[in-house]
2 protein chains.
Amino acid sequence: MKRIAESTVRRLSIYLSFLEEIGARGVLTTSSDDLARLGGTTSAQVRKDLSFFGSFGKRGLGYSVPELSAHLREILGLGRKWNVCIVGAGKIGGALARYAGFAERGFNITGMYDSDPHKLGKMYSGVAVQDIVHLERDIKSGKYQIAILTVPPENAQNIVDILVGAGIKAILSFAPLQLTTPPDVTLRTVNMAMELEGLTFALTKRSSDQQY
Amino acid sequence: MKRIAESTVRRLSIYLSFLEEIGARGVLTTSSDDLARLGGTTSAQVRKDLSFFGSFGKRGLGYSVPELSAHLREILGLGRKWNVCIVGAGKIGGALARYAGFAERGFNITGMYDSDPHKLGKMYSGVAVQDIVHLERDIKSGKYQIAILTVPPENAQNIVDILVGAGIKAILSFAPLQLTTPPDVTLRTVNMAMELEGLTFALTKRSSDQQY
DNA sequence: ACATGTGAACTGCTTCACAGCG
DNA sequence: CGCTGTGAAGCAGTTCACATGT
């Protein structure tokens, strides 16, 4: 299969959330034009994105909302439940544990880990914080497919190495630094200070096209 | 001035945080090669990124760490303090209010707003939650340059319209949906479910190059 | 000799435009 | 006729390679 651009995958997520929204409202068909308008892109882009995976529409008619939703869920790997652990039970980790949006999408937070003895046993949405020494064992036993990392930056690469060593293949990091993983482990980093810097950059050069 | 790619701005942030780290350790000079190794890019990319803004290095020698840090801070608009308000005092909003990383970078959370009467007056790191009806007035009076949006998706576009109407020019949204702003208002969206979907996409097609 | 700065070549994503099919 | 699906063209971002300056 061809290499799919990250930008394409992001747009597929956007299309899916739009489809689920209008699907819940009872809309049965839609078009690449509709999907484009919402996603802030063009109809050609929508069709090109979908074309990497198959032909899901009917010429002259458009797309069936339930059908296309199902295809996108399958493509994005949402046709199953995923078990996720949160490593780091601080402010952000706790907020994410309680965030309902994950469960709606099939992501179950089934474990939390921290090294601070004061946090052990604390409950977040029915999940108790465990000692981080058990993390490696639990990953090796196949309990989790995805790890969310919300530890201080000093410890982050160290924990990543443990996660990778134990066999995890997907990590979402909130640590504000650049981490490294082997090529077979997917890492995404959300760096909030960096996002704000993108905004101040735009604010500072008060020229045209801030939008991006 | 030429249009700068978003990817370039993101890398500048990465370079800066690396420079500050090694600067704090007393390192005085560095090279495009060093910066590249850390940022997961190439030395040519580093030099090209910097070249959009000037010539900050010495041929044959490299870059002065304090000088390049200062230039990057200036370029990214970090040469001043920014006042930021958080709209939505739920789980994520509260966690962000307490997140120390913002202040370190010159972003001061100086206001919080919510519409839920139960949340009014609650304190987060010394900032009281105010009624959202005051938000428009406070933005118009110039209290904030940046707004962080952590409200439920149903209300998000509505709040964006209020923010934009009151004159805000930069918004960081955590709402899991696509929002629209006029071209002179910069909007960045962090969508955690979408990040996880990027991971499951990679996990599902267990082929090569997961990394991106 | 060494590392920067930069035009030129290249790669890959996006847009165009139209053939194909309902 | 309308909207999809897709090769071809266009464009933007990255990489190359070397001239330039110390």
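When rounded to the nearest whole Å, the span between CD of Glu6(B) and P of dC13(C) equals 16 Å. Between the OH atom of Tyr63(B) and the C1' atom of dC2(C) there is a distance of 13 Å, given to the nearest Å. At whole-Å resolution of the value, CG in Leu12(A) and P in dC13(C) are 13 Å apart. For Phe53(B) and dT6(C), the CZ to C1' distance is 16 Å, given to the nearest whole Å.
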Polar atom pairs (N or O), protein with nucleotides 20-22 of chain C, under 3.5 Å:
from    : atom 1 : to       : atom 2 : distance (Å)
dG20(C) : N3     : Arg59(A) : NH1    : 3.0

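For the segment residues 29-47 of chain A, residues with any heavy atom less than 4.0 angstrom from an atom of DNA chain D are, sorted by number, Ser31(A), Ser32(A), Arg47(A).
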Residues 20-40 of chain B side chain polar contacts: donor-acceptor under 3.5 Å, at least two apart:
from     : atom 1 : to        : atom 2 : distance (Å)
Glu20(B) : OE1    : Arg105(B) : NH1    : 2.7
Glu20(B) : OE2    : Arg73(B)  : NH1    : 2.6
Glu21(B) : OE2    : Arg25(B)  : NH1    : 3.1
Thr30(B) : OG1    : Asp34(B)  : OD2    : 3.1
Ser31(B) : OG     : Asp33(B)  : N      : 3.4
Ser31(B) : OG     : Asp34(B)  : N      : 3.2
Ser32(B) : OG     : Arg47(B)  : NH1    : 3.2
Asp34(B) : OD1    : Arg37(B)  : NH2    : 3.0

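Taking a heavy-atom distance under 4.0 Å as the criterion, the stretch of DNA chain D touched by chain B extends 5' to 3' from dG13(D) to dT22(D).
When atom types are taken as modelled, the side chain of Thr181(A) and the backbone of Val185(A) share a donor-acceptor pair closer than 3.5 angstrom. A donor-acceptor pair is defined here as one N or O able to donate and one able to accept, closer than 3.5 Å; such a pair exists between the side chain of Ser173(B) and the backbone of Ala175(B). Of the possible polar contacts, none joining the Thr110(B) side chain to the Cys85(B) backbone as a donor-acceptor pair under 3.5 Å is found. Counting only distance, with no hydrogens or angles, the side chain of Thr200(A) and the backbone of Leu76(B) share a donor-acceptor pair below 3.5 Å.
The nearest pair of heavy atoms linking Ala89(A) to Val129(A) is CB-CG2, 3.8 Å.
Applying the side chain to side chain donor-acceptor pair (under 3.5 Å) test to residues at least two apart or on different chains, the pairs with a partner in residues 78-103 of chain A are Arg80(A)-Gln145(A). Among residue pairs with one or both ends in residues 139-165 of chain B, those qualifying as salt bridge (Lys or Arg N to Asp or Glu O under 4.0 Å) are Glu136(B)-Lys140(B), Asp138(B)-Lys143(B); sequence neighbours excluded.
Mapping Ser51(B) and Thr8(A) onto DNA chain C by nearest heavy atom places Ser51(B) closer to the 5' end of the strand.
Contact annotation: the side chain of Thr204(A) never approaches that of Glu74(B) to less than 4.5 Å [non-hydrogen atoms, C-beta and beyond]. Residues Leu179(A) and Leu149(A) have side chains in contact (heavy-atom distance under 4.5 Å, counting atoms from C-beta outward).
Using a 4.0 Å cut-off between charged side-chain N and carboxylate O, Arg10(A) and Glu195(B) make a salt bridge.
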